[in-house]
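First up is the structure itself, then whatever we jot down about it.
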Amino acid sequence: MTEPYQAGDLNEPDVPGDVAQPPGMPQWVKITGVVIGLLVVILVAVAVLGGGGGGHGPGMHGGLSDLKAQSDAAVPRALR
Amino acid sequence: MLMPPGARRAVLTAHVVTSVGWLGAALAFVALAAAAVQSDDDATVRSLYVAMEVMAIAVLVPLSLASFASGVIQALGTTWGLFRHYWVIAKLSISVVATSVLLLYLSTLRVLADVAASPALADDRALLPSSSPLLHSTAAVVVLVVAAALSIYKPKGITRRGWRYQRQRRATTERPITRASSG
């Protein structure tokens, strides 16, 4: 009789019994994947329909489209 | 290569401290962003956007990078691995996405801080406040809480790579015990 594997004292993973077949993807991973996929589709749709684009930067949210040009023309900041 | 117990504890401590610090800093950022949106005082609003940029550069970015680095070292130096458990992959993804968005968002924060600090734009009250920092920091808090929950609950599920590693590990750890008990 073999001794059962003991997980270490440092938050180590438990080793389950020897399974011949590799385990499938768990339910929580599938559900999370579907939710994230839907969110990405929605975000892409909003970006395309809203005329956005140009990456994640000024103007993407909160009506900041004109901020960059105005900021560049502004007096240099003392804090920089 | 597995780290010795002392090194594992040190890296784990660093990872917990930087990750919790990142979450706390994100919450503090939410408070600044919310105050900026709600305040009617022009000087207060402008000073808050300048403070947000300083906070992002001096606190959020270092903590996010340190949390990411210590997490990767912790995973690679223990039997958890980086791609053996789904929850570790999920947490790694959150860390990569959150850090990337933060780094990309620095340009927006710089623009807002420039506008807020510039006397040339002192009368252009329509530009500020912006709800964008509040939106981003709130989203950051949500995903960081999810990452913290993943660390605590550690939902089950191993990948093929993890399954192969565990079979290999079982074989190497059980062999001497089997011989001893049968002999």
Side-chain angles (χ1 to χ4, degrees), chain A residues 1-37 39-40 42-43 46 52 54-80, chain B residues 5 8-9 12 50 53-54 78-81 84-87 89-90 93 100-101 104-105 107-108 110-121 124 126-127 129-136 151 154-160 162-164 166-167 169-171 173-174 177-178 180-182:
Chain A
M1 180 79 186
T2 58
E3 293 289 322
Y5 176 81
Q6 295 292 322
D9 65 340
L10 285 168
N11 206 16
E12 297 277 303
D14 294 328
V15 178
D18 199 9
V19 185
Q21 294 293 319
M25 194 177 281
Q27 200 73 16
W28 70 269
V29 177
K30 292 177 185 170
I31 294 169
T32 306
V34 169
V35 171
I36 290 172
L39 283 175
V40 169
I42 291 168
L43 284 174
V46 168
H56 201 112
M60 192 172 174
H61 311 289
L64 300 173
S65 55
D66 297 329
L67 280 183
K68 182 79 178 101
Q70 296 196 41
S71 172
D72 290 343
V75 175
R77 292 172 46 216
L79 282 177
R80 185 168 290 172
Chain B
R8 265 185 276 178
R9 284 198 179 92
L12 180 61
V50 174
E53 187 199 12
V54 174
T78 64
T79 53
W80 286 109
R84 293 176 192 149
H85 297 262
Y86 283 107
W87 76 266
I89 296 172
S93 306
S100 302
V101 171
L104 289 169
Y105 195 65
S107 60
T108 300
R110 184 166 297 124
V111 170
L112 286 169
D114 283 347
V115 171
S118 170
L121 299 170
D124 205 344
L127 294 173
S130 163
S131 59
S132 174
L134 182 59
L135 176 76
H136 282 81
S151 300
K154 296 182 179 64
K156 290 194 183 301
I158 58 170
T159 61
R160 280 176 178 269
W163 173 76
R164 281 197 299 271
Q166 287 192 345
R167 278 176 68 95
R169 193 150 185 259
R170 279 181 70 90
T173 53
E174 283 183 356
I177 299 169
T178 310
S181 56
S182 61

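What you see below is based on every heavy atom in this structure, not just the backbone, and it leaves out hydrogens, waters and symmetry mates. Lettering of chains follows the sequences in order, A, B, ..., and the numbering in each one begins at 1.
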message: Check whether B/Arg160 reaches the backbone of A/Pro22 with its side chain - one donor and one acceptor, N or O, closer than 3.5 Å.
response: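 Not a single qualifying donor-acceptor pair exists.
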
message: Restricting to side-chain contact (heavy atoms from CB on, under 4.5 Å), what partner residues turn up for A/Leu43, sequence neighbours left out?
response: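 Applying side-chain contact (heavy atoms from CB on, under 4.5 Å) to A/Leu43 gives none.
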
message: Can you classify the ring geometry of B/Trp80 versus B/Trp87 as parallel (below 30°), tilted (30 to 60°) or perpendicular (above 60°)?
response: perpendicular

message: Which residues in residues 25-35 of chain A have any heavy atom closer than 4.5 Å to a heavy atom of chain B?
response: A/Met25, A/Pro26, A/Trp28, A/Val29

- request: Return the minimal non-hydrogen interatomic distance between B/Thr79 and B/Arg169, and the atom names on each side.
  value: CG2-CZ, 3.2 Å

- line: Between B/Ile158 and B/Trp163, the two heavy atoms sitting closest are CD1-CA, 3.6 Å

Interatomic distance, B/Gln166 atom CD to B/Thr159 atom OG1 [nearest 0.5 angstrom]: 9.0 Å

